[in-house]
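So the structure is just underneath, and the comments pick up after that.
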Amino acid sequence: MIEMLEVTDRALDWMKEELDPEEGQGVNIYVRYGGETQLKQGFSPALTVERLPSDSKVFDYDGIQVFIKESDLWYFEDAELVIDSEDDEVIFESR
């Protein structure tokens with residue numbers, strides 16, 4: 001289970017402007033192969049906009065639904081993840 005997920009105000013502003021999820025959609029934090037921020041070796045988190053599935057852990061941040069599918073929860077187990085934005089780029093930080 002994910003221990004903590006923090007989405008900063010800058011990241012929320014970025015999501016609203018760049019991803020602009022529509023009604024019934026949310027921002028999916030999914031696991032991809034490779035990447036810079038590796039909570040588990042060889043994999044990193046990424047974002048996409050999708051319909052909200054029923055098998056997800058959903059977090060509400062100022063009206064933006066951020067979710068992690070059940071199939072990706074293994075990656076975030078015992079993790080503290082912060083999503084931020086700087087210079088129009090999303091930054092994933094683990095604590």
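Excluded from the calculations below are hydrogen atoms, water molecules and symmetry mates; all remaining heavy atoms, backbone and side chain alike, are included. Because the structure is predicted, anything quoted here is derived from the model rather than measured.
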#### Entry: Lys57 to Phe59 six-membered ring, cation-pi geometry met (6.0 Å, 45°)
yes
Given the rule that I, L, V, M, F, W and Y join up when any side-chain heavy atoms are under 4.5 Å apart, are [X] and [Y] in one cluster?
{"X": "Leu73", "Y": "Val58", "result": "no"}
{"X": "Tyr61", "Y": "Leu19", "result": "yes"}
{"X": "Ile68", "Y": "Phe43", "result": "yes"}
{"X": "Phe67", "Y": "Ile29", "result": "no"}

With a sphere of 6.0 Å drawn around [atom1] of [X], does it hold more than 12 non-hydrogen atoms of other residues, nucleotides or ligands?
{"X": "Asp62", "atom1": "CG", "result": "no"}
{"X": "Glu70", "atom1": "CD", "result": "no"}
{"X": "Asp13", "atom1": "CG", "result": "yes"}

### Task
Determine, stepwise, if the pair Lys16 / Ile64 fulfils side-chain contact (heavy atoms from CB on, under 4.5 Å).
CA-CA 8 Å; Lys16 289 175 183 176; Ile64 298 285; 3.6 Å; yes
Between [X] and [Y], is any pair of side-chain heavy atoms under 4.5 Å apart?
{"X": "Tyr75", "Y": "Pro45", "value": "yes"}
{"X": "Trp14", "Y": "Val90", "value": "yes"}
{"X": "Phe76", "Y": "Val31", "value": "yes"}
{"X": "Leu5", "Y": "Ile83", "value": "yes"}
{"X": "Met15", "Y": "Leu47", "value": "yes"}

### Taking every non-hydrogen atom, the tightest pair across Ser85 and Thr8
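The answer is N-OG1, 4.2 Å.
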Rounded to the nearest 0.5 Å, what separates atom [atom1] in [X] from atom [atom2] in [Y]?
{"X": "Tyr30", "Y": "Ser56", "atom1": "OH", "atom2": "OG", "value": "14.5 Å"}
{"X": "Asp84", "Y": "Glu93", "atom1": "CG", "atom2": "CD", "value": "6.0 Å"}
{"X": "Glu89", "Y": "Arg10", "atom1": "CD", "atom2": "CZ", "value": "12.5 Å"}

### Message
Applying salt bridge (charged side-chain N to carboxylate O under 4.0 Å, His left out), can you list everything that pairs with Arg32, at least two apart in sequence or on another chain?
### Response
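Testing Arg32 for salt bridge (charged side-chain N to carboxylate O under 4.0 Å, His left out), a comparison that skips the adjacent residues, returns none.
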### Task
Begin with the C-alpha distance, continue with both residues' side-chain angles, and end with the deciding distance and a verdict on side-chain hydrogen bond (donor to acceptor under 3.5 Å, both in side chains) for Thr48 and Asn28.
CA-CA 5 Å; Thr48 188; Asn28 179 19; over 6 Å; no
### Task
Begin with the C-alpha distance, continue with both residues' side-chain angles, and end with the deciding distance and a verdict on side-chain contact (heavy atoms from CB on, under 4.5 Å) for Lys69 and Glu50.
CA-CA 11 Å; Lys69 291 181 180 175; Glu50 295 183 10; 2.8 Å; yes
